[in-house]
Protein chains: 2
Amino acid sequence: MEETLDDTDIQLLKHLGADSKVTMKELAAKVNLSPSPVFERVKRLEANGYIKKYIALLDAEKLNFGLIVFCNIKLKQHDKSIGRSFVTDILRLDEVVECYNISGDYDFLLKVYARDMKHYQDFVFNKLGSVKSIGSTHSTFVMSENKNSYNINL
Amino acid sequence: MEETLDDTDIQLLKHLGADSKVTMKELAAKVNLSPSPVFERVKRLEANGYIKKYIALLDAEKLNFGLIVFCNIKLKQHDKSIGRSFVTDILRLDEVVECYNISGDYDFLLKVYARDMKHYQDFVFNKLGSVKSIGSTHSTFVMSENKNSYNINL
DNA sequence: CTTGAAAAATGGAGGGT
DNA sequence: ACCCTCCATTTTTCAAG
């Protein structure tokens, strides 16, 4: 299971990580092979979990979610059950796209997409406000997104 | 160009945002249509920019990038040319997957993927260290990722 | 939107190095 | 173990109604 990836595998992952709509034929040309071995390699990379899934990236701004906020959260207490119930509550919130348990002054970092400031205010007061385990929050607003490649650069 | 999306369009975006490997046939079944109109709608959503691109999501941990760090950065000065040169320098760094211009005490927030702490240390000292426009940095380490849906929840 | 058909891609069999 | 060349099947893509 813990086989090593050769250079061709890495190239395939790089290409698919940037554009998954390429055909096997095109991919094959990029790595100087015929479609068949490329097909088999990609299937293996999927089966072994190197490729988690394929998705379409949507334009948040065009879909009226123009505001990105990083919301730092401090819990009231730090026992395991409080942490778990916090995560359960947070996963339910549509506005929260990412959630991390972090080091430092705060316990969690959320990446939140909102339509506008009014929507974000409503999110903080009504949705976060009803999550009992939260002690305090600190919001950092995104003024512009300069880079988002979604994948590691192999 | 600024047409409104009907409920079917939203459903298509939701499905493709979660899994872009579905065939037009399967998509059609999900929205109770035949493949042809679904095909046309998806092409329109692509052409009008609602779908930005299609990518494979790679497993960073399996590819030996197990450490995620949010790196806050304060610039030395705040004029436009310094900010631009900072962004140019940052975009070159493979470890930086996301970069945001933010409100608050710091100017930029980077999401960084590193193999381990040693790699991150090297990144900060050698790569960030040679970006002249940086005044100071503050690193927040991710202990666990609890959610990452990559797309807004429509 | 539907039907339907041409063009293209997928997925695999069989054989070669 | 890895690759190639076919080829059947499925999917995509786009007419015409």
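What you are looking at is a predicted structure, and each value in this text was computed from that prediction instead of being measured. We name chains A, B, ... by the order of the sequence lines, and we start the count at 1 in each one.
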* Side-chain cluster (under 4.5 Å, hydrophobic types only) that Ile73(B) belongs to, other residues -> Leu67(B), Val69(B), Leu75(B), Ile82(B), Phe86(B), Val87(B), Ile90(B), Leu91(B), Leu93(B), Val96(B), Phe108(B), Leu110(B), Val112(B), Met117(B), Tyr120(B), Phe123(B), Val124(B), Phe125(B), Leu128(B), Val131(B), Ile134(B), Phe141(B)

* Asked: For Met143(B), which fellow cluster members are found when Ile, Leu, Val, Met, Phe, Trp and Tyr are connected by side-chain heavy-atom distances below 4.5 angstrom, either directly or through intermediates?
  -> none

* To do: If a pair satisfies salt bridge (charged side-chain N to carboxylate O under 4.0 Å, His left out) and one of its residues is in residues 69-87 of chain B, list it, with sequence neighbours excluded.
  => none

* Asked: Which residue pairs pass the salt bridge (charged side-chain N to carboxylate O under 4.0 Å, His left out) test when at least one of the two sits in residues 124-138 of chain B, sequence neighbours left out?
  -> Glu95(B)-Lys127(B)

For [X], which residues count as a side-chain hydrogen bond (donor to acceptor under 3.5 Å, both in side chains) partner, sequence neighbours excluded?
{"X": "Lys43(B)", "answer": "Glu46(B)"}
{"X": "Asn153(A)", "answer": "none"}
{"X": "Lys25(A)", "answer": "none"}

Atom-pair distance ([atom1] on [X]; [atom2] on [N]), nearest Å:
{"X": "Glu40(B)", "N": "dC1(C)", "atom1": "CD", "atom2": "P", "answer": "8 Å"}
{"X": "Phe39(A)", "N": "dC4(D)", "atom1": "CZ", "atom2": "C1'", "answer": "16 Å"}
{"X": "Arg44(B)", "N": "dC14(D)", "atom1": "CZ", "atom2": "C1'", "answer": "17 Å"}
{"X": "Arg41(A)", "N": "dA1(D)", "atom1": "CZ", "atom2": "C1'", "answer": "10 Å"}

* Asked: Within a radius of less than 6.0 Å around CD of Glu26(B), do more than 12 heavy atoms belonging to other residues, nucleotides or ligands occur?
  -> yes

* For the helix from dC1(C)-dG17(D) to dT17(C)-dA1(D), measure the angle between the helix axis at one end and the axis at the other, each built from five pairs, rounding to 10°. => 30°

* With a 4.0 Å heavy-atom cut-off, tell me which residues in residues 14-38 of chain A come close to DNA chain C, sorted by residue number. => Thr23(A), Met24(A), Lys25(A), Ser36(A)

